[in-house]
Amino acid sequence: MDHRKNNSIDSWDDGVYGTGNTMPPKSHSGIIALLVILVIFLSGIISLLSFMNIRLFQQLSQQTQQMQEMSPMSFKDLDIQEPDFRTEPTEIRDSLNNSEDISLSLNQSPQSVDNIPEQGALSWQEIYEKNNPSVVSVLTTNDSGTITGSGVVLSDKGYIVTTCRMVHDAETINITLSDGRSYSALVVGADHLTDLAVLYVEAEGLVSAEFGDSDALRVGDSVVAMSGQLGGTLHDGILSAIYRDMLYLGKNITLIQSSAAISDDASGGPLINCYGQIIGLHTNRLLGLDAAEGSHFVIPSTTVKFIVDQLIAQGYVSGRPTLGLTGEQITRFDQYYFHIPQGLYLTDISPDSDAHAQGITPGDILISLDGEAITNQIQLDTLVNSRNIGDSFTALVYHNGQEMTFTLTVTEYEG
């Protein structure tokens with residue numbers, strides 16, 4: 001049978017026989033027609049744009065020619081005499097009061113003096129030699145790692161003042177003197193509100209620092225800042241501001257602002273006046289919040305005395321309100337994973353607190369106080385510090401798997 005005469009296509013026939021294609025050629029006339037139409041359309045658009053550009057060019061040329069034919073306005077057209085700035089205006093000068101000679105007078109300036117504001121002031125070298133034995137390095141360790149700072153010797157009996165930040169949640173505290181001796185330290189007392197803490201070391205030969213009265217300071221006074229790191233460092237500056245009120249944890253804290261450069265390891269280090277007296281301690285608690293670049297905050301010596309005396313005498317500062325609650329912020333992951341509400345996860349309950357007396361225990365979650373959501377410790381402390389001892393809060397607490405309401409009384413913090 002001759003398959004070439006058969007119009008049907010068998011399933012095995014791939015359309016190729018021998019060296020030639022047995023299938024009829026395909027027609028491309030439709031594609032060619034479409035391309036021709038597309039070319040004609042594009043040619044029309046290009047022609048239209050070219051015509052518009054020619055018309056626009058003609059209009060711009062006509063406007064330019066008209067502007068060139070117009071002569072610019074001159075002083076003569078306005079009937080005003082054009083001034084000659086090359087000539088000296090003698091007529092104007094003579095019209096003024098020529099009976100007095102007007103000239104700039106230079107008064108004799110006094111010779112510059114040494115940077116010693118008052119008689120009896122010390123040089124930077126003398127200030128360093130006087131205070132370096134009293135400035136110490138502080139190294140603390142906690143769950144997060146290590147923290148370095150500075151401190152000042154209060155007395156030769158072993159008391160040292162530093163910042164509360166240095167001892168918060170500290171597992172170990174190490175003090176290094178300027179002569180290289182190192183001692184373990186114990187916390188005598190700490191006050192979070194003023195960022196001050198007192199430590200105690202069993203050491204001999206301590207050199208107590210001389211403190212001055214910060215109430216006598218003036219803006220512009222020369223000061224130096226010291227750190228206990230690297231055996232003692234010193235930086236000079238001036239007082240930028242005094243009696244700066246900073247809102248912290250719901251209370252106004254009075255601070256001093258200085259331009260003397262410090263770093264994080266100078267927290268707890270002294271600010272010293274030109275007489276070598278310590279007039280404040282550096283706190284980096286507010287750095288990055290209200291501190292401008294090149295400005296540093298200092299706790300005045302009057303505040304240091306008021307707080308330190310109480311910490312040494314009783315281990316705490318009287319009049320501090322508290323609910324006795326300490327906690328950690330709950331992450332969003334923990335909230336959804338454990339199916340717990342957002343709030344402050346309580347890690348410690350003071351045995352003397354009203355919360356402990358009412359059965360609130362570590363592991364509970366403080367959701368709100370008087371309807372205000374509590375998610376971190378700063379929010380809790382700020383709200384509590386806005387109240388007085390004896391006031392009460394309505395607390396919403398997640399306790400034993402359910403939300404419960406408690407009435408908690410504010411008590412005095414006693415360390």
Side-chain angles (χ1 to χ4, degrees), residues 109-138 148-154 160-163 165-166 176-179 195-196 207-244 246 254-305:
S109 300
Q111 185 178 1
S112 61
V113 297
D114 295 336
N115 189 18
I116 303 177
E118 299 290 343
Q119 184 177 2
L122 304 179
S123 66
W124 301 145
Q125 295 86 347
E126 291 173 328
I127 292 176
Y128 179 82
E129 293 175 358
K130 176 181 178 180
N131 287 276
N132 192 47
S134 304
V135 181
V136 303
S137 171
V138 182
T148 58
S150 302
V152 176
V153 177
L154 293 172
I160 295 172
V161 61
T162 185
T163 56
R165 166 187 175 272
M166 291 302 307
T176 302
L177 305 180
S178 60
D179 58 10
D195 196 27
L196 289 172
V207 179
S208 58
E210 178 187 357
F211 281 79
D213 187 359
S214 57
D215 286 344
L217 297 174
R218 298 182 302 169
V219 173
D221 284 354
S222 296
V223 292
V224 295
M226 288 194 65
S227 166
Q229 303 299 319
L230 303 175
T233 61
L234 181 143
H235 304 277
D236 67 308
I238 64 169
L239 286 183
S240 306
I242 56 177
Y243 308 122
R244 286 289 304 273
M246 295 291 182
T254 301
L255 299 174
I256 297 171
Q257 189 174 344
S258 165
S259 66
I262 62 169
S263 57
D264 285 345
D265 57 19
S267 177
L271 186 70
I272 307 169
N273 64 14
C274 62
Y275 304 106
Q277 299 172 327
I278 296 176
I279 44 85
L281 296 182
H282 284 97
T283 172
N284 60 0
R285 179 183 60 197
L286 297 176
L287 295 182
L289 298 178
D290 297 320
E293 183 178 357
S295 299
H296 309 280
F297 289 103
V298 178
I299 308 167
S301 59
T302 52
T303 302
V304 175
K305 173 178 171 53

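A distance of 14.5 Å separates NE2 in H296 from CD1 in I256, rounded to the nearest 0.5 Å. Between the CG atom of D221 and the SG atom of C274 there is a distance of 7.0 Å, given to the nearest 0.5 Å. Distance check, rounded to the nearest 0.5 Å: CG of L177 to OG of S134 gives 10.0 Å. Separation of atoms OG1 (T233) and CG (N132) is listed at 9.0 Å; rounding is to 0.5 Å.
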message: Before you tell me yes or no, could you show the steps for T283 and V298 under side chain to side chain contact (heavy atoms under 4.5 Å, CB included), namely the whole-Å CA-CA distance, both residues' side-chain angles and the distance that decides it to 0.1 Å?
response: CA-CA 6 Å; T283 172; V298 178; over 6 Å; no
message: Please evaluate residues D213 and I279 with respect to the criterion side chain to side chain contact (heavy atoms under 4.5 Å, CB included), reporting the C-alpha separation (whole Å), side-chain torsions for both, the decisive distance (0.1 Å), and the verdict.
response: CA-CA 6 Å; D213 187 359; I279 44 85; over 6 Å; no
- request: Decide side chain to side chain contact (heavy atoms under 4.5 Å, CB included) for T176 and V136; before the verdict, give the C-alpha distance in whole Å, the side-chain angles of both, and the deciding distance to 0.1 Å.
  value: CA-CA 6 Å; T176 302; V136 303; over 6 Å; no
message: With side chain to side chain contact (heavy atoms under 4.5 Å, CB included) as the criterion, how do W124 and D236 come out once you've worked through the C-alpha distance, each side chain's angles and the decisive distance to 0.1 Å?
response: CA-CA 8 Å; W124 301 145; D236 67 308; 4.2 Å; yes
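Looking at L154 and I160, their side chains never come closer than 4.5 Å, going by heavy atoms from C-beta outward. With contacts defined as side-chain heavy-atom distances shorter than 4.5 Å, the pair L239/L271 qualifies. Within the 4.5 Å cutoff, no side-chain heavy atoms of I242 are placed close to those of R218. Between I278 and V152 there is a side-chain heavy-atom pair separated by less than 4.5 Å.
Counting only N and O atoms by type, the side chains of T163 and D195 include no donor and acceptor under 3.5 Å apart. Side-chain contact, S259 with S240: no donor N or O sits under 3.5 Å from an acceptor N or O.
Closest non-hydrogen pair, V223 versus N273, comes out as CG1-CA, 4.4 Å. Residues L122 and I127 come closest through the heavy atom pair CB-CG1, 3.8 Å. Nearest heavy atom pair, residue F211 against residue Q277, reads C-CB, 4.2 Å. Looking at every heavy atom in both residues, H282 comes nearest to A225 through CE1-CB, 3.3 Å. Shown here for S227 and V135, the closest heavy-atom pair between the two residues is C-CG1, 3.8 Å. When all heavy atoms of V219 and A241 are compared, the closest pair comes out as CG2-CA, 4.0 Å.
For H235 (side chain) and A260 (main-chain N/O), no donor-acceptor pair under 3.5 Å exists by modelled atom type. A distance-only check finds a donor-acceptor pair linking the side chain of E126 to the backbone of S123 [under 3.5 Å]. Of the possible polar contacts, none joining the S301 side chain to the V304 backbone as a donor-acceptor pair under 3.5 Å is found.
The side-chain hydrogen bond (donor to acceptor under 3.5 Å, both in side chains) test applied to N131 returns no partner, not counting sequence neighbours. Under the side-chain hydrogen bond (donor to acceptor under 3.5 Å, both in side chains) criterion, T302 pairs with S214, sequence neighbours left out. Considering only residues two or more places apart in sequence or on other chains, E210 meets the salt bridge (Lys or Arg N to Asp or Glu O under 4.0 Å) condition with K130.
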